[in-house]
Amino acid sequence: MWYMISAAELEQYLEQEKDIYLVDMRDRESYLRGHIRGAVNIPGNELPDCVCQLPSDRLIVLYCYRGPQSMRAARELSRRGFRVADVCGGIQAYQAYKGTLTSGRERL
C-alpha cells in the first residue's frame with residue numbers, strides 16, 4: 001500500500017521521530033546542496049538496483065523535486081510489498097512549508 005502525505009505531515013513524522021526511512025530521489029548534487037533532514041540519497045535511476053537494501057519493516061517515505069518520479073516509485077515499491085508514502089509536491093512543497101533544508105551528506 002502507498003499513500004500521499006503533505007509537507008506538514010512529513011514534518012510531524014520528523015518532529016515525533018517516527019521510524020521512517022526517508023529517501024531523496026534527486027541527483028546527488030541536488031541532495032548535497034540541500035535535502036530534508038534525515039534523508040538518504042538514492043537517485044531515481046538507482047532505486048531499482050537498491051530495492052534489496054530498503055528496510056521492509058519501516059515506512060519508506062519518498063520525495064523528488066515536485067512529486068511525479070517519487071509517486072511512480074511509490075507505486076512500484078508498494079507492488080513489491082513495501083509500505084510507502086510519497087511527499088505531495090516533493091522537496092519544493094516541503095521547502096515552501098518549512099523554509100529550510102539540510103546540506104551535506106547524512107550519516108547512515
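In this structure, Ile36 and Leu14 have side chains that are in contact, with non-hydrogen atoms separated by less than 4.5 Å. Residues Leu10 and Tyr94 form a side-chain contact, since some pair of their non-hydrogen atoms from C-beta on lies under 4.5 Å apart. The shortest side-chain heavy-atom distance between Met25 and Ile42 does not fall under the 4.5 Å cut-off. Looking at Val40 and Leu22, their side chains never come closer than 4.5 Å, going by heavy atoms from C-beta outward. Side-chain atoms of Leu59 and Tyr13, non-hydrogen and from C-beta on, do get closer than 4.5 Å to each other. The shortest side-chain heavy-atom distance between Ile60 and Ile20 does not fall under the 4.5 Å cut-off. Between Val61 and Val84 there is no side-chain heavy-atom pair separated by less than 4.5 Å.
Between the CH2 atom of Trp2 and the OG atom of Ser70 there is a distance of 8.5 Å, given to the nearest 0.5 Å. Glu9 contributes atom CD, which lies 10.0 Å from atom NZ of Lys18 (distance to the nearest 0.5 angstrom). In this structure, CD in Gln16 is found 10.0 Å from CD in Glu11, a value given to the nearest 0.5 Å. Atom CG in Leu54 sits 6.0 Å away from atom CG in Leu47 (nearest 0.5 Å). For the atom pair CD of Gln12 and OG of Ser6, the computed distance is 7.5 Å after rounding to the nearest 0.5 Å. Note that CZ of Arg37 is 8.0 Å distant from OG1 of Thr100, once rounded to the nearest 0.5 Å.
Using a 4.0 Å cut-off between charged nitrogen and carboxylate oxygen, Glu46 and Arg28 count as a salt-bridge pair. Under 4.0 Å is where a charged nitrogen must lie from a carboxylate oxygen, and between Arg80 and Glu76 at least one such pair does.
With hydrophobic clusters built from ILVMFWY side chains whose heavy atoms lie under 4.5 angstrom apart, Tyr97 does not share a cluster with Met4.
Remark: the Ser30 side chain and the Tyr65 side chain contain an N/O donor-acceptor pair separated by less than 3.5 Å. With hydrogens and angles left out, the side-chain atoms of Asp86 and Tyr63 include no donor and acceptor closer than 3.5 Å.
Within a 6.0 Å radius of CD in Glu17, other residues, nucleotides and ligands contribute 12 heavy atoms or fewer.
Ring pair His35/Tyr31 is parallel by interplanar angle, where below 30° counts as parallel and above 60° as perpendicular.
Residue pairs that meet the side-chain hydrogen bond (donor to acceptor under 3.5 Å, both in side chains) test with at least one member in residues 49-62, sequence neighbours left out, are Asp19-Arg58.
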Q: Take Leu77 and Leu62 through the side-chain contact (heavy atoms from CB on, under 4.5 Å) test and state the conclusion after the steps.
A: CA-CA 10 Å; Leu77 290 176; Leu62 304 173; 4.0 Å; yes
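Nearest heavy atom pair, residue Ala93 against residue Cys88, reads CB-O, 3.4 Å.
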